[in-house]
Protein chains: 4
Amino acid sequence: MNRHSAEPRRRGKPLKERDQPAVAAENGVSRRGGDKRERILDAAVHVFAHKGFWSSKISEIAREAGVADGTIYLYFKSKDDLLISLFEDRMERVNDTLAAAMASSDNAADKLRRFVQTHLQLVAANRDQAEVLTVELRQSSKFIKEYANPRFAQFLKLLATVIEEGQAKGELSTRVRPVLAARALFGAVDELALWWVLRGDPRENLERAAGELCEMFLGGLAPAASAGASQATELPANVKRRVP
Amino acid sequence: MNRHSAEPRRRGKPLKERDQPAVAAENGVSRRGGDKRERILDAAVHVFAHKGFWSSKISEIAREAGVADGTIYLYFKSKDDLLISLFEDRMERVNDTLAAAMASSDNAADKLRRFVQTHLQLVAANRDQAEVLTVELRQSSKFIKEYANPRFAQFLKLLATVIEEGQAKGELSTRVRPVLAARALFGAVDELALWWVLRGDPRENLERAAGELCEMFLGGLAPAASAGASQATELPANVKRRVP
Amino acid sequence: MNRHSAEPRRRGKPLKERDQPAVAAENGVSRRGGDKRERILDAAVHVFAHKGFWSSKISEIAREAGVADGTIYLYFKSKDDLLISLFEDRMERVNDTLAAAMASSDNAADKLRRFVQTHLQLVAANRDQAEVLTVELRQSSKFIKEYANPRFAQFLKLLATVIEEGQAKGELSTRVRPVLAARALFGAVDELALWWVLRGDPRENLERAAGELCEMFLGGLAPAASAGASQATELPANVKRRVP
Amino acid sequence: MNRHSAEPRRRGKPLKERDQPAVAAENGVSRRGGDKRERILDAAVHVFAHKGFWSSKISEIAREAGVADGTIYLYFKSKDDLLISLFEDRMERVNDTLAAAMASSDNAADKLRRFVQTHLQLVAANRDQAEVLTVELRQSSKFIKEYANPRFAQFLKLLATVIEEGQAKGELSTRVRPVLAARALFGAVDELALWWVLRGDPRENLERAAGELCEMFLGGLAPAASAGASQATELPANVKRRVP
DNA sequence: GATGAATGAGGCTTCATTCAT
DNA sequence: AATGAATGAAGCCTCATTCAT
């Protein structure tokens, strides 16, 4: 999966087209020009994650990115735009990664497992980013409301589609509407991510958590023996099918 | 259900150590003091919900509460304190309500159903409050981190305990650790709530959504064939019963 | 003429009606409240006059007015608003004064003389204010264009009306349209004012200049003997009245 | 009339003491250097006229001139210098044109008429330039004070000299000092120009206005019959000529 | 206890100017 | 000479908080 190696489409236009590095670095990484936008985004991820959007100061992001305050405004229209750009940029990578992870399986249940696993892996690998995406953006009515978030919608759509297809193929129960299931699954995973990110218990094994979560979502909380004990009343309630 | 009849513990000390109502109302209505504090909290819920914490101005809350700006500082130490107090105050009511709702059932699955139903009912009945509790507080690392939230912990504990007890009594599968399951369930419900609160689709039937969510959590997403007696009708219901 | 002793109608509302001095000063001038708007306007006149609008800093005006920076924003919406308010406020006084000066005469030529005299007296008595009204406001396209200035229009109207009436009564030549004549007269007087204000030759006798200006406007530059060779055609052109 | 064929004296030294055209055009068109400087000045006239000096951005002028931001600093020391250079440059042309227009007449009154006519023609033909010269420069104390304007002085001197000579030859009344008369006349014409420029009533016939203005200045506002009634005091002062 | 005018620290943003290429 | 990305000083304005009344 190579998608997001591609040039990160910029919102805050770097002023005038210049898509090849200003100068082909002799060999090294050419600290000159091209990577500035990226450095600013990285700094923003870090600062936003630690201070929160509202308490973060542009000057701090600038310092962390090693640029002047004003430079940020060459790449982003405003502090808001920086957050949104960050979201779009990173979210796209996440979506791409998740889509790719699920693509390599043809089984709905498996796809969901991969989704959860990959999501939590991403979180573990990019704590700061996860915190910003999870916490900062969700938060602000301002962004969620006034900026109807296409990337996030896409993210959910990904899940919903998998579920829908799974249902169509009979691989998943049709008792729950796909959108709702997707939303719930996302909420659960996201909550775990948030938990891990905020409390940051390093001992917690995200891998294992991901596994349990999948079990629960696929198999249900009801005891295996009577998957659906909850409906016991509705059932003849004898069949002890599911054996562990 | 009597929850907030208890004196609302104030964080922002009401100035001049006065912990008994300014006018100790033997039994009467104690209009005075508690009144104003409550009006401020209500106003804060409303304003925070609509503008978000950072964009809300103390003066606006004051106007909405019908008091002077300065008055707010007689009841709360700071804007931060106002948010935290609000959270403590409202969260306690929520916890009480949820606890009460679950108490009236002795069956784990049922308790969970009641939890989900009641939670979403509360959300539907108190949109603004739900938005603040769900969105604003979650958001701010500042609050979640620096202010290790006892009410929220209590909230989760409630769920986890039910699950734990259910597992102990064999009413729930033990494949998932209680805390994790609680967290996931909360995340899912919360996400639905957020969805409803933000997108605010009034056509969406929260009641129904709650039902589906429970199905999913208890019965699992795996096809009814193995899980779901509840779908017996939909299925030939014999085959393919998921063996681990 | 007592007009502008009246309360200066405020644009930047002093926040909440309070038209009586907050506190009836024992006897003195009660440095408390009421005069703050006025002090800010005075400071603004002074600073704008010396630095020009764009080079003036709010903080300097605040310092000069003896208030905090933020206080200015309790009385004026913005720096722009401060300038405009200043203009409205002071211009109204000027208009009132000029109208009053002209009112006490029933002869068009005399009215014009009084206009010129009074205008230049006002300038001499309020250099800073004159500079701001003359220079700063004229200047900024922003203000002259985007803010179609009613006070200034009124000012010119005053003059034009006098000329029109003078023409109607045969006291003034009808060779020039009133509006144009008014504009020209204003331009001339204003230029003199500007000259005096900027170069500030204190030796220059504004009184005398006013006299000469009137002579010129009423009698023309053409030599008295032929009061208007240019108008020879219009005249019996015999009368050699005026003897040098 | 050859005015600006003379090398445009640059204030902002064209970088690296190069005072001869980069490409010394023996006689040819000297395209190079002068070209760019001129384009920048033209752009500046346009932008200053539309936005005002303080609201104009160097980058906008650069864009309009088709050069890079930095290039402007090869020709002008600073933004201020650009305005002043512009003033010097354009004012010189204006002065030359006016001087030439007046030179072709030997009669003082005629010279004045030509002055007024030509001035207003120039205004009509170069609105933007007129706006900058009239509005922007007049305005800023900064420029009028700190930069005692030689071109403008020359401009007035031109007028004053004509009047003085007219008076000496008995062609003009001596009741008014030449400088004052010049100033007044300029003020009047300038005000008309400003009026036309800002309100920009295209229907207004500047030609006609010029005519009326001359009438007024030469013949006076007093009714033709008694051109000079205003000097009654200087007269035998009995005659009640003025009849309605 | 209430009030609300006053405070003033602080941050986002602009934009003239520089300088490496 | 020309470029234009980068700089960073500076200012308007906001708004939580205080305190005299």
Side-chain angles (χ1 to χ4, degrees), chain A residues 14-16 18 22-23 32-34 36 54-62 66-80 82, chain B residues 14-16 18 22-23 32-33 36 54-63 67-82, chain C residues 14-16 18 22-23 32-34 36 54-62 66-80 82, chain D residues 14-16 18 22-23 32-33 36 54-63 66-80 82:
Chain A
L15 223 52
K16 307 293 161 63
R18 157 202 49 85
V23 175
R32 174 85 251 120
K36 209 157 275 184
W54 289 99
S55 302
S56 297
K57 287 148 204 68
I58 284 288
S59 60
E60 190 173 354
I61 296 174
V67 300
D69 291 22
T71 302
I72 290 183
Y73 290 85
L74 295 178
Y75 294 88
F76 305 93
K77 262 202 307 291
S78 65
K79 195 186 171 191
D80 279 18
L82 178 52
Chain B
L15 200 61
K16 297 176 184 163
R18 153 202 52 69
V23 175
R32 199 62 284 148
K36 207 159 275 185
W54 287 100
S55 301
S56 296
K57 289 151 202 99
I58 284 288
S59 61
E60 191 173 353
I61 296 174
R63 177 156 31 80
V67 301
D69 292 22
T71 303
I72 290 184
Y73 289 85
L74 297 178
Y75 293 88
F76 304 93
K77 244 198 327 285
S78 66
K79 194 185 172 192
D80 281 18
D81 182 54
L82 178 52
Chain C
L15 223 53
K16 307 293 161 66
R18 157 201 51 85
V23 174
R32 176 83 251 123
K36 210 155 274 184
W54 289 99
S55 301
S56 297
K57 289 149 204 70
I58 284 288
S59 60
E60 191 173 354
I61 297 175
V67 300
D69 292 24
T71 303
I72 290 184
Y73 291 86
L74 294 178
Y75 294 88
F76 305 94
K77 262 201 305 292
S78 65
K79 196 185 170 192
D80 280 17
L82 178 52
Chain D
L15 200 59
K16 295 176 184 165
R18 156 204 47 73
V23 176
R32 200 60 285 149
K36 207 158 276 185
W54 288 99
S55 301
S56 297
K57 288 151 200 98
I58 285 288
S59 62
E60 191 173 355
I61 296 174
R63 178 156 30 81
V67 302
D69 292 22
T71 303
I72 289 184
Y73 289 84
L74 297 177
Y75 292 89
F76 304 93
K77 243 196 330 283
S78 66
K79 194 186 173 191
D80 279 17
L82 177 52

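From a predicted model like this one, the values you see are computed outputs, not experimental measurements. Proteins get letters first, then strands, A, B, ... in listed order; numbering begins at 1 in each.
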Position toward the 5' end of DNA chain E (nearest nucleotide), B:Asp69 or A:Asp69: B:Asp69

Want to settle it: does D:Gly70 or C:Ala68 sit nearer the 5' end of DNA chain E, counting the closest nucleotide to each? C:Ala68

Taking C-beta and beyond as the side chain, do B:Leu74 and B:Val67 meet within less than 4.5 Å on heavy atoms? no

Using side-chain heavy atoms (C-beta onward) and a distance below 4.5 Å, is C:Ile61 in contact with C:Leu82? yes

Whole-Å gap separating P (E:dT18) and CG (D:Leu74): 11 Å

For A:Glu60 and E:dG10, give me the distance from atom CD to atom P, rounded to whole Å. 14 Å

Please determine whether a side-chain nitrogen or oxygen atom of C:Thr71 lies at a distance below 4.0 Å from atom OP1 or OP2 of E:dT7. yes

Nearest 0.5 Å please: distance from the CZ atom of D:Arg63 over to the NZ atom of D:Lys57. 9.5 Å

Separation between CD1 of B:Ile72 and OG of B:Ser78, rounded to the nearest 0.5 Å: 11.5 Å

Shortest side-chain distance from B:Lys57, nucleotide among E:dT17, F:dA2, F:dC15: F:dC15

NZ of A:Lys79 versus P of F:dC13: gap in Å, rounded? 20 Å

Could you give the distance from CD1 (A:Ile58) to CZ (A:Phe76), rounded to the nearest 0.5 Å? 9.5 Å

A correct dot-bracket answer for DNA chain F, with pairs being Watson-Crick or G-U at under 3.5 Å, [ ] for crossing pairs and | for inter-strand pairs, is .||||||||||||||||||||

Check the distance between F:dT17's P and B:Tyr75's OH and give it to me in whole angstrom. 18 Å

From CD1 of A:Ile58 across to P of F:dG8 the rounded distance in Å is 16 Å

Just how far is it from atom CG of B:Asp81 to atom OH of B:Tyr73, taken to the nearest 0.5 Å? 10.0 Å

Looking at F:dC13, F:dA2, E:dA6, which one has an atom nearest to any side-chain atom of C:Tyr73? F:dC13

